[in-house]
Participant: 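One structure, as C-alpha cells, below. Some questions next.
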Amino acid sequence: MGAAVRLPSARGLAEFTALLDEGRDTVRGLPQERGGQGEGAGPYASFLDRVDEFDPAPFRISPREAPLIDPQARIVYETVWEALEDGGRTGRRAEDSTTGLWIAYSHDHYHEERVRHGAHEGRGLGLEAMIANRLSYLMDWHGPSALVNTLCSSSLVALHTAVQHLRSGDIDTAVIGAVHAALSPEYFRSMGDLMALSPRHRCRAFDDTADGFVPGEGAVAVVLRRYTDAERDGDRVRGLVKGAAVNHGGRTTRYSAPSPKAQRDVVAAALNDAAVPPETIDLVEAHGTGTRLGDPIEIDGLTRAWRAHTDRSQFCAIGSLKSNIGHLEPAAGLAGLVKILLAMESERIPATLHVTRPNDHIRFEGTPFHLADRARPWPRGERPRPCPACTSPRRGAERW
C-alpha cells in the first residue's frame, strides 16, 4: 500500500525507478562530507551522501536526545513516515486501527563511533530494542513492536512475521522498516578479515569473476494491510503478497555454508502457500551476493523447487539488485521486493550489472532461469504477474 526508500542517489521511489532503468552502479569511496579522502582512499560501498541530518521535532524527540540515537534509527524513522504518507495513512488516528511495527536492523555501528570520540555512550534508551519501541510510542501504535535481527534475512523475516499477525487478525496495519548504514571503520575491517568483500569493489552476481560482496547503505519501509481492508478503504494497491515461508539451513559443511536442500524446501513451501504455478513466474529477484559459492547454491535450490512443477528451461529471468546498490544486509530483502514492484509498474525488467560470463559452476541452460543481464520489456499481458523474490519470506493475501 505504502512504500518508501532512501538509497544512494535515490531518495524516493521515482529516483529508484530511474536508477534501475538507467542501470547505474552506485558504489564509490567514502564521500568527503562523511570524512572520506577522495577516490582511491578508504572503504568502498554504496554510500548514502549524508547520515547525520535529522529533524527531531516531528517525532517529538528532544534536540538533546537526538544526537544519542543511532543515525540508522533516525533514517528509518523518516523512511517509515514517508511510506505512511505514500499510503495515505499519516492522517489516521491511532485509535482507528491496530498497527504493528517491525524494524530490521543488525548492528549499532554508531556505538564504535561514540567510543572512539569519547562521547557519551547514550546506551540507556538508545539500546537497539528501543528503535522500534520509540517509534511505536511516538505514533501511539498498540500492535506488536519489535526489532528483527536475523542478519541478511532480517527484513523478510520481519515481513513474514507481520503477515502472520495480519492473517490472524491481531492487527489491521503492518509497518515494516529496514535500515543499514556502515558508519564505523571497524565494520569494514571485520568484513575484510572474513574475506567477504570484493577486492574490486563490484558485486558481480552470477558472473564467473564474482569475488565477494560490496556493502550498501539505505533504508526501506512498506505499509501492509489485508486485501479486504485495502479494497474497502480505497487504498492504493502496488502488489499482492500471496505466499511466504521461513526456515533454517540446519547443519551444513560449515557454519557459513548455505544448504541447497533448505533453500529448495523454503521456496517450495512459499510456492505451495501462494498456490502459484512456477511456470507463470517471469522474474525472480535473487539474494545474489556475488560469491562463487553462494550464487551456484542459490540457483541449485531454486531449480530443485521449480523442477517439482516443470521441466521447462530458461523461461524465467533472474537478477540481483546488489549489482546496483550493494548489499544492504538487514534491508536487502525489502529493497529487492520494492525493486520488483517498481519493475511491474514500469513494465520493464531491470538489468543485473557486471555480468560478462556466467559462473562456470552454473549451467543456466539446464535450469528454468536465464540471467537478466540486460533490461527487457515486461508488459502486463492478460494474467497477473506472480513475481516472488524467492529468498523472501512472504505469506498471505495482503496488499500494500
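Side-chain atoms are counted along with the backbone in the values below, which use heavy atoms only and exclude waters and symmetry mates.
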Participant: Decide whether Leu197 and Leu194 are clustered together by the hydrophobic rule: side chain heavy atoms of Ile, Leu, Val, Met, Phe, Trp, Tyr closer than 4.5 Å, transitively.
Facilitator: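 Yes, one cluster joins them.
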
Participant: Between Arg24 and Ser9, do the side chains contain an N or O donor and an N or O acceptor separated by less than 3.5 Å?
Facilitator: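 Yes, Ser9 and Arg24 have a side-chain donor paired with an acceptor closer than 3.5 Å.
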
Participant: Partners of Phe54 by ring pair (Phe, Tyr, Trp, His ring centres under 6.0 Å), sequence neighbours excluded?
Facilitator: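 If we apply the ring pair (Phe, Tyr, Trp, His ring centres under 6.0 Å) test to Phe54, skipping adjacent residues, the hits are Phe59.
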
Participant: Dump the intermediate steps for side-chain hydrogen bond (donor to acceptor under 3.5 Å, both in side chains) on Thr352 and Asp373, then the final yes or no.
Facilitator: CA-CA 5 Å; Thr352 295; Asp373 55 356; over 6 Å; no

Participant: Hey, is Asp86 close enough to Arg238 for a salt bridge, meaning N to O under 4.0 Å?
Facilitator: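 A salt bridge links Asp86 with Arg238.
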
Participant: For Gln72 and His107, indicate whether the former's side chain and the latter's backbone hold a donor-acceptor pair under 3.5 Å.
Facilitator: yes

Participant: Is there a side-chain contact between Asp282 and Cys316 in this structure, where contact means two heavy atoms from C-beta onward sitting under 4.5 Å apart?
Facilitator: no

Participant: Please check if the side chain of Lys322 supplies one atom and the backbone of Ala205 the other of a donor-acceptor pair under 3.5 Å.
Facilitator: no

Participant: Do Leu84 and Val223 make a side-chain contact, defined as non-hydrogen atoms from C-beta onward lying under 4.5 Å apart?
Facilitator: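 Counting from C-beta outward, Leu84 and Val223 do come under 4.5 Å.
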
Participant: Can you tell whether the side chains of Asp300 and Arg304 come within less than 4.0 Å, N to carboxylate O?
Facilitator: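 Yes, charged N to carboxylate O under 4.0 Å.
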
Participant: Hey, is Asp235 close enough to Arg225 for a salt bridge, meaning N to O under 4.0 Å?
Facilitator: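 Yes, Asp235 and Arg225 are salt-bridged.
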
Participant: Can you sort out the partners of Phe16 under ring pair (Phe, Tyr, Trp, His ring centres under 6.0 Å), two or more places apart, ordered by chain and number?
Facilitator: none

Participant: Taking Leu353's backbone N and O only, do any of them form a donor-acceptor pair with Ser323's side chain (distance below 3.5 Å, no angle check)?
Facilitator: yes

Participant: Does Lys339 form a salt bridge (Lys or Arg N to Asp or Glu O under 4.0 Å) with Glu285? I'd like the steps, not just the answer.
Facilitator: CA-CA 8 Å; Lys339 167 193 166 179; Glu285 172 62 18; 2.7 Å; yes

Participant: Could you tell me whether His327 and Phe213 have their ring centroids closer than 6.0 angstrom?
Facilitator: yes

Participant: Quick check: do Leu101 and Trp141 have side-chain heavy atoms less than 4.5 Å from each other?
Facilitator: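 Side chain of Leu101 against side chain of Trp141, heavy atoms only: contact under 4.5 Å found.
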
Participant: Taking atom CG of Leu19 and atom CD of Glu15, what is their separation to the nearest 0.5 Å?
Facilitator: 9.5 Å

Participant: If only atom types and distance count, is the side chain of Asn133 paired as donor or acceptor with the main-chain N or O of Ala129 below 3.5 Å?
Facilitator: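 Such a contact is found between Asn133 side chain and Ala129 backbone.
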
Participant: Can you check side-chain contact (heavy atoms from CB on, under 4.5 Å) on Val51 and Leu183, steps first, answer last?
Facilitator: CA-CA 9 Å; Val51 294; Leu183 300 172; 3.6 Å; yes

Participant: Under a 4.5 Å cut-off applied to non-hydrogen side-chain atoms, are Val237 and Tyr227 in contact?
Facilitator: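 No. Closest side-chain heavy atoms not under 4.5 Å.
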
Participant: Quick check: do Ile325 and Asp25 have side-chain heavy atoms less than 4.5 Å from each other?
Facilitator: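 SC-SC contact between Ile325 and Asp25 ruled out.
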
Participant: I need the minimum non-hydrogen distance between Ile176 and Leu224, along with the two atoms involved.
Facilitator: CD1-CB, 4.3 Å

Participant: So does Ile69 get a backbone contact from the side chain of Arg74, meaning a donor-acceptor N/O pair under 3.5 Å?
Facilitator: yes

Participant: Do Thr310 side-chain atoms and Arg307 backbone N/O form a donor-acceptor pair below 3.5 Å?
Facilitator: no

Participant: Less than 4.5 Å apart, any side-chain heavy atom of His370 and any of Ile318?
Facilitator: no

Participant: Would you name the heavy atoms of Ala351 and Ala375 that are closest together and state the gap between them?
Facilitator: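 Answer, listing the atom of Ala351 first, then Ala375: CB-N, 3.5 Å.
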
Participant: Through direct or indirect side-chain contacts below 4.5 angstrom among Ile, Leu, Val, Met, Phe, Trp and Tyr, which residues connect to Leu151?
Facilitator: none

Participant: Just how far is it from atom CZ of Phe369 to atom CG of Leu302, taken to the nearest 0.5 Å?
Facilitator: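 Atom-to-atom, Phe369:CZ and Leu302:CG are 4.5 Å apart.
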
Participant: Please determine whether side-chain contact (heavy atoms from CB on, under 4.5 Å) holds for the pair Ile340 and Leu283, giving the CA-CA distance in whole Å, both sets of side-chain angles, and the decisive distance to 0.1 Å.
Facilitator: CA-CA 8 Å; Ile340 291 293; Leu283 174 62; 3.5 Å; yes

Participant: How many angstroms lie between CG in Leu341 and CG in Leu13, if you round to the nearest 0.5 Å?
Facilitator: 9.5 Å

Participant: Mind checking the OG1-CZ spacing from Thr209 to Arg204? Nearest 0.5 Å is all I need.
Facilitator: 4.5 Å

Participant: So, Ser97 side chain and Thr99 main chain: donor-acceptor pair closer than 3.5 Å or not?
Facilitator: no

Participant: Looking at Arg60, I want to see if its CZ is surrounded by more than 12 non-hydrogen atoms of other residues, nucleotides or ligands under 6.0 Å.
Facilitator: no

Participant: Should Asp207 and Arg357 be marked as a salt bridge (Lys or Arg N to Asp or Glu O under 4.0 Å) after you check the CA-CA gap, both sets of side-chain angles, and the distance that decides it?
Facilitator: CA-CA 6 Å; Asp207 189 73; Arg357 173 184 168 185; over 6 Å; no

Participant: Should Arg189 and Asp193 count as an ion pair when the cut-off is N to O under 4.0 Å?
Facilitator: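 Not counted as a salt bridge, because no side-chain N and carboxylate O are separated by less than 4.0 Å.
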
Participant: Are the side chains of Val80 and Leu135 in contact, using a 4.5 Å heavy-atom criterion?
Facilitator: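 Side-chain contact under 4.5 Å: yes.
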
Participant: Evaluate side-chain hydrogen bond (donor to acceptor under 3.5 Å, both in side chains) for Thr150 paired with Ser153, printing each intermediate quantity in order.
Facilitator: CA-CA 6 Å; Thr150 58; Ser153 63; 2.8 Å; yes

Participant: Does the pair Glu345/Arg380 count as a salt bridge with the N-to-O cut at 4.0 Å?
Facilitator: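 No, no charged N to carboxylate O under 4.0 Å.
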
Participant: Between Asp211 and Arg200, is there a salt bridge with N-O shorter than 4.0 Å?
Facilitator: yes

Participant: Are Asp172 and Arg226 close enough, and set up right, to give a salt bridge (Lys or Arg N to Asp or Glu O under 4.0 Å), and what steps lead you there?
Facilitator: CA-CA 7 Å; Asp172 56 51; Arg226 284 184 290 273; 5.4 Å; no

Participant: Counting N and O atoms only, with roles assigned by atom type, does the side chain of Thr26 sit under 3.5 Å from a partner on the main chain of Asn324, one being a donor and the other an acceptor?
Facilitator: yes

Participant: Counting the benzene-type ring for Trp, do His165 and Trp102 have ring centres under 6.0 Å apart?
Facilitator: yes

Participant: Can you tell me if Glu329 uses its side chain to pair, donor with acceptor, with the backbone of His180 under 3.5 Å?
Facilitator: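 Not a single qualifying donor-acceptor pair exists.
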
Participant: Identify the two heavy atoms, one from Pro56 and one from Ser62, that lie closest to each other, and give their separation to 0.1 Å.
Facilitator: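 Smallest heavy-atom distance, with atoms named: CB-O, 4.5 Å.
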
Participant: Given His201, which partner from the list Tyr44, Phe188, Phe47 fulfils the ring pair (Phe, Tyr, Trp, His ring centres under 6.0 Å) test?
Facilitator: Tyr44

Participant: Report the distance from atom CZ of Arg134 to atom OH of Tyr137, rounding to the nearest 0.5 Å.
Facilitator: 11.0 Å

Participant: Which residues pass the ring pair (Phe, Tyr, Trp, His ring centres under 6.0 Å) test with Tyr105, sequence neighbours left out?
Facilitator: none

Participant: Can you check whether Ala182's main-chain N or O pairs, donor with acceptor, with Glu217's side chain at less than 3.5 Å?
Facilitator: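 Judged by distance alone, yes, a pair lies under 3.5 Å.
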
Participant: Are any non-hydrogen side-chain atoms of Cys152 and His287 less than 4.5 angstrom apart?
Facilitator: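 In short, these two side chains touch, coming nearer than 4.5 Å.
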
Participant: Hey, what else clusters with Ile297 if you join Ile, Leu, Val, Met, Phe, Trp, Tyr whenever side-chain heavy atoms sit under 4.5 Å?
Facilitator: Leu293

Participant: Decide yes or no on salt bridge (Lys or Arg N to Asp or Glu O under 4.0 Å) for Asp49 and Arg28, but give the supporting numbers first.
Facilitator: CA-CA 11 Å; Asp49 287 326; Arg28 57 175 173 160; 2.4 Å; yes

Participant: Using ring pair (Phe, Tyr, Trp, His ring centres under 6.0 Å) as the criterion, list what pairs up with His354, not counting sequence neighbours.
Facilitator: none

Participant: Could Arg292 and Asp208 be called an ion pair, given the rule that one side-chain N must be under 4.0 Å from one carboxylate O?
Facilitator: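 Looking at Asp208 together with Arg292, the answer is yes, because their closest N to O distance falls below 4.0 Å.
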
Participant: Rounded to the nearest 0.5 Å, how far apart are OG of Ser154 and CD1 of Ile103?
Facilitator: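 Ser154 atom OG to Ile103 atom CD1 measures 12.0 Å (nearest 0.5 Å).
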
